[in-house]
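Single-structure report; data block below.
Because the structure is a prediction, the values reported are computed rather than measured. When a residue number appears, it is its place in the shown sequence, counting from 1.
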Amino acid sequence: MFFDYRIIAELRDACKGARSIDAFSAAGYTFGRMAISSPSGQPLFSREYLARLILPLVAEQFLAMTIGACDTLMVSSIGEAGVSGVSLVDQFSQLMIQLFAAFATGGAVVSSQYLGHKDARDACVAAKQLLNLALISGLLIIAVFVPLRAQILTKMYGRSEADVLQSAITYFFWVGLSFPFLAVYSSCAALFRSMGNSKLSLKVSILMNLTNIGGNAALIYGAKIGVSGAGIATLASRVVAAVVMVVLLCDRKRNVIHFDNILRPEWNGSMVRRILRVGIPSGIENSVFHIGKLVVQVFMSGFGTAAIAANAICNTVASFANIPGNAIGMASVTVVGQCIGAGEKGQAKRYARVLLRETYIAMSLLALLILLFAPQVVSLFNISDEAKRLAAGVIRTCMVGNALIWPLAFTLPNSLRAAGDVKFTMVVSNISMWLFRVLFSYAIATWILRRNPDSTSLALYGVWFGMYIDWLFRSACYVVRFRHGRWLDKRVI
């Protein structure tokens, strides 16, 4: 970055008047905001800065995917019914994760804005209200969904084989109990990121993953309790992560945002409304996206165990292949958002292109490796030979789409969102999801099965090709929007 030495003097003057850690932290936050505002024409970010921003995000995304992958990989040792049951529940879990992420985003934005106004007290009030929302939403989910899990899963996946459905019901119980702890962890991690301390959330992610892996090994391989072991390990890992995060945020000496009087319940309606005003719109797009995926999963439940198992493996591999794109997409929000805030529209567009180019390079290299070694990748999972052949074929088609289309469909819109163009991306995402991924997938798969009821393998290909059409439509809309430049006229502040 390029700095104006006058900023150093302003920081020195601000710190002279700081009588507390909160005031000093607020002064440092103000310095951080001033430091990115360079004169027009000077780059706001160096390549080294971008690397320091992106690489930890890649690591955190990788760790976030590890829990689900470990469950799928380790549960596969007890057969296709177990891995199929876990995959059915994981789709529902992703929907809940998006809900918690929406609250976390709202709370982090509100707290950050209070810090920008040097109002550390209200930042802490917002943080505590975010914690309240996380606990309440998690407990409500337990109260509604855990007792009714058998009826819900039977209604959604009633066409699944009996052993697959029973595995899903068992796994859902333990994972459902973990939702309040997951909500608390997500909210606390967002608060640490709002303070610029992403390394700490990365360290807690490592602890959470190690707990999950160790629990899986002990309960699945040692105690041999199958999907129950995977669920208990997931619950334990989220409990540990939530407790550690809350304890750390109770330390007011180290954190400008902290929890005051954690054991005394407090409700601030106006602050909650501020959080929801930011959080609800940010959650609609992702929630609708995962609802659409859940609908697709429902009509796929009649494809048979081999197809469901192959689809679960494909989703797991595709999620890992998307890690570089997801990480760079998160970085786009920071980089492009700061450019817009500094009034540097030209740099916003240039950095959006630079980050999109880096996404293409990273995802193309990773996609090529996975495409070449797809059979070896699926051999890591204990599924039938039929499911392995099907998974390897679908994975190869997905990697072609990842290298050619995915960055435009999912990384580029983050630059639009960073500039405040959130309504456009939400509308495009919802239309594309329901029209192409859901309706086209259903139409293609139904047409194949009507012609040959035994062609469940081709029907699975049909579902994934419907998804690729969704990517194409999104890409076209976002590229047109980006080239016309209307997104640069949007402002959040």
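- For W464 against C398, the heavy-atom pair with the smallest separation is CZ3-SG, 3.7 Å.
- Of the inter-residue distances, the one linking L148 atom CG with K155 atom NZ reads 13.5 Å to the nearest 0.5 angstrom.
- In this structure, the side chains of P180 and R238 stay at 4.5 Å or more apart for every pair of heavy atoms.
- The salt bridge (charged side-chain N to carboxylate O under 4.0 Å, His left out) contacts involving residues 388-402 comprise nothing, where partners must be two or more places apart or lie in separate chains.
- Heavy atoms from other residues, nucleotides or ligands lying under 6.0 Å from CZ of F173 number more than 12.
- In terms of modelled atom types and a separation under 3.5 Å, the side chain of T154 and the main chain of A150 share a donor-acceptor contact.
- Residues A306 and S384 approach most closely at CB-OG, 4.4 Å, considering heavy atoms.
- The shortest non-hydrogen separation linking F440 to L435 is CD1-O, 3.2 Å.
- Between I313 and L380 the shortest side-chain heavy-atom distance does not fall below 4.5 Å.
- A donor-acceptor distance shorter than 3.5 angstrom exists from the side chain of S137 to the backbone of A134, with no hydrogens or angles considered.
- With rounding to the nearest 0.5 angstrom, the CD1 atom of I257 is 13.5 Å from the CZ atom of R252.
- At least one donor-acceptor pair under 3.5 Å links the side chain of N315 to the backbone N or O of N311.
- No donor-acceptor pair under 3.5 Å is formed between the side chain of D470 and the backbone N or O of R437.
- The line from CG of N430 to CE of M433 is 9.5 Å long, rounded to the nearest 0.5 Å.
- Here the CD1-OG distance, from I328 to S415, works out to 11.0 Å after rounding to the nearest 0.5 Å.
- Taken to the nearest 0.5 Å, the CH2 atom of W406 stands 14.0 Å off from the OH atom of Y468.
- Atom CG of N132 sits about 11.5 Å away from atom CE of M271, to the nearest 0.5 Å.
- With hydrogens and angles ignored, the 3.5 Å screen pairs no side-chain donor or acceptor of S84 with any backbone N or O of A81.
- Closest non-hydrogen pair, A233 versus L219, comes out as N-CD1, 4.1 Å.
- Looking at L369 and M399, their side chains never come closer than 4.5 Å, going by heavy atoms from C-beta outward.
- Contact check for L355 versus T411: no side-chain heavy atoms found under the 4.5 Å cut-off.
- Nearest heavy atom pair, residue A321 against residue M363, reads O-CE, 3.6 Å.
- For the pair A367 and A403, the tightest heavy-atom approach, listed with the atom from each and the gap, is CB-CB, 4.3 Å.
- Proximity of a side-chain donor or acceptor of S364 to a complementary backbone N or O of Y360 within less than 3.5 Å is detected.
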Exercise. Go through the steps for Y478 and S429 under the test side chain to side chain contact (heavy atoms under 4.5 Å, CB included), then give the verdict.
Key: CA-CA 10 Å; Y478 296 144; S429 176; 4.1 Å; yes
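- Contact annotation: the side chain of I323 never approaches that of L366 to less than 4.5 Å [non-hydrogen atoms, C-beta and beyond].
- Each salt bridge (charged side-chain N to carboxylate O under 4.0 Å, His left out) pair with one or both residues in residues 128-152, not counting sequence neighbours, appears once here: K128-E266.
- The closest side-chain heavy-atom distance from V317 to F320 is not below 4.5 Å.
- When each of N255, L249, V247 is checked for a side chain to side chain contact (heavy atoms under 4.5 Å, CB included) with D251, only N255 meets the rule.
- When the side chain to side chain donor-acceptor pair (under 3.5 Å) test is applied to T359, no partner is found at least two apart in sequence or on another chain.
- A donor-acceptor contact shorter than 3.5 Å links the side chain of S237 to the backbone of T234.
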Quiz item: Passes side chain to side chain contact (heavy atoms under 4.5 Å, CB included), F179 versus V146? Steps please.
Solution: CA-CA 11 Å; F179 285 148; V146 171; over 6 Å; no
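- Using modelled atom types, one finds a donor on one side chain and an acceptor on the other under 3.5 Å when comparing Y185 with S205.
- Between F410 and N322 the shortest side-chain heavy-atom distance does not fall below 4.5 Å.
- Side-chain contact between N268 and V272 is absent, with no heavy atoms from C-beta onward closer than 4.5 Å.
- A donor-acceptor pair under 3.5 Å links the side-chain atoms of S178 to the main chain of V175, judged by distance alone.
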Practice problem: Could you walk me through whether L439 and W434 pass the side chain to side chain contact (heavy atoms under 4.5 Å, CB included) test, one step at a time? | Solution: CA-CA 6 Å; L439 293 181; W434 291 102; 5.7 Å; no
Practice problem: Show your reasoning for whether side chain to side chain contact (heavy atoms under 4.5 Å, CB included) applies to V296 and V438. | Solution: CA-CA 6 Å; V296 173; V438 176; 4.2 Å; yes
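- Between F473 and F436, the ring planes lie tilted relative to each other; the angle falls in the 30° to 60° range.
- More than 12 heavy atoms of other residues, nucleotides or ligands shown are found within 6.0 angstrom of OH on Y221.
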